[in-house]
Amino acid sequence: GKGPEAMTFEFSGTLSRWPEFAWGAYTTLWVSLVSMAAGLVLGGMGAAAGLSRHKAVRTLPEIYAEAIRNTPLLVQIYIIYFGLPAIGIRLTPTFAAILALAINAGAYASEILRAGIEAIPHGQIEAARALALSPWRTLRLVVARQALAAMYPALVAQFILLTLGSSLVSAISVADLTAAANNVQGLTFRAFEAFLVVAAIYLGLTFLLRSGLTALEHVLCPFKFAGR
């Protein structure tokens, strides 16, 4: 009998569609950046509420975080894009994607920010007051610097996860990297090659983002690396 045919790879047709991959990478990056920035705003509000003295106020960010962390991101995207029109709110695919990713990122960021602030020894704040530092200088020189140093690695990891998770927005027709792979494989009938190229691009993006953000950490938190 005839043996199984050897699998052959043909990347020329896939790579010739590089403008689609480039546009997908650009879309993935800016959607992720905007979503993370909005998520940090939401996270900051959640962290502030979580540090409140009032239990009712502290409960709100806890419910928010639990609801988001225990439901799939794809379901959250569908609720915003397909569910909101049921109550008269219609969003473009890109705006719905950013909103869903921001809400998701905010839930994780709120816990990271709160933990970073709580990690500051209270004695240092008392020492700043004893030195007659104003509340603003205490926040800027004592709290913010140390809190940023404590939570920066976790925020970077969360941003990388958000960038990878943004691949789900292709399900609502956002022209990101994953959507580019779907389009290219539909034209070339080379699914393996198309998704292999996109996987390589994601690897390159995450490597560059992590390297760049690690370099930025040396600028923002130089005291962490003193003497190394």
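Numbers for residues simply follow the sequence, beginning at 1.
Taking each heavy atom of G106 and L42 in turn, the nearest pair found is CA-CB, 4.2 Å. L91 and Y81 get closest at one heavy-atom pair: O-CE1, 3.6 Å. Contact detail for L187 and R17: the closest heavy-atom pair is CD1-NH2, 3.2 Å. The shortest non-hydrogen separation linking A100 to L73 is O-CD1, 4.4 Å. Closest of all the heavy-atom pairs between A105 and S35 is CB-O, 4.5 Å. Taking both residues in full, the closest heavy atoms of A147 and I120 are given as N-CD1, 3.5 Å, listed atom of the first, atom of the second, then distance.
Residues M151 and F159 share a single hydrophobic cluster, defined by chaining ILVMFWY side chains whose heavy atoms lie under 4.5 Å apart. In the hydrophobic clustering of ILVMFWY residues, with side-chain heavy atoms under 4.5 Å counting as a link, I160 and Y152 come out together. Both L164 and L33 belong to a single network of hydrophobic side chains, linked directly or stepwise wherever heavy atoms of I, L, V, M, F, W or Y lie under 4.5 Å apart. Note: the hydrophobic cluster containing I87 does not contain I77 (ILVMFWY, side chain heavy atoms under 4.5 Å, direct or indirect links). Under the 4.5 Å side-chain heavy-atom criterion for Ile, Leu, Val, Met, Phe, Trp and Tyr, Y108 and L101 are members of distinct hydrophobic clusters.
T188 is not listed as a side-chain neighbour of F11, based on a closest heavy-atom distance of 4.5 Å or more. With a 4.5 Å cut-off on side-chain heavy atoms, L40 and L155 count as touching. A heavy-atom distance below 4.5 Å is found between the side chains of T94 and W30. Taking the side chain as every heavy atom from C-beta outward, I172 and I80 never approach each other to under 4.5 Å.
L29 contributes atom CG, which lies 9.0 Å from atom CG of L208 (distance to the nearest 0.5 angstrom). In this structure, OG1 in T14 is found 11.0 Å from CZ in F192, a value given to the nearest 0.5 Å. Here OG1 of T59 is found 12.0 Å from CD of E66. Values are rounded to the nearest 0.5 Å. The structure places CD1 of I112 at 12.0 Å from CD1 of I117, a figure rounded to the nearest 0.5 Å. Atom CE of M36 and atom CG of N104 lie 10.5 Å apart (nearest 0.5 Å). How far CG of L74 is from CD1 of I79: 10.0 Å, rounded to the nearest 0.5 Å.
Counting non-hydrogen atoms of neighbouring residues, nucleotides and ligands closer than 6.0 angstrom, the CZ atom of F82 exceeds 12 such neighbours.
Q76 contributes a side-chain N or O that, together with a main-chain N or O of T71, makes up a donor-acceptor pair within less than 3.5 Å. The backbone N or O of S167 lies less than 3.5 Å from a partner atom in the side chain of S170, making a donor-acceptor pair. Side chain of T28 to main chain of L177: a donor-acceptor pair is present (N/O by atom type, distance under 3.5 Å, no hydrogens or angles).
Checked against side chain to side chain donor-acceptor pair (under 3.5 Å), Y202 has the following partners two or more places apart in sequence or in another chain: T178.
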Distance-only criterion, 3.5 Å: show the donor-acceptor pairs between side-chain atoms of residues 215-223 and protein atoms not counting sequence neighbours.
from: E217; atom 1: OE2; to: K224; atom 2: NZ; distance (Å): 2.6
from: H218; atom 1: ND1; to: T214; atom 2: O; distance (Å): 3.0

Next item on the list: Show your working on salt bridge (Lys or Arg N to Asp or Glu O under 4.0 Å) between E62 and R58 and close with a plain yes or no.
Entry: CA-CA 7 Å; E62 291 175 3; R58 291 198 309 270; 5.2 Å; no

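W18 and F21 have their aromatic ring centers separated by at least 6.0 angstrom.
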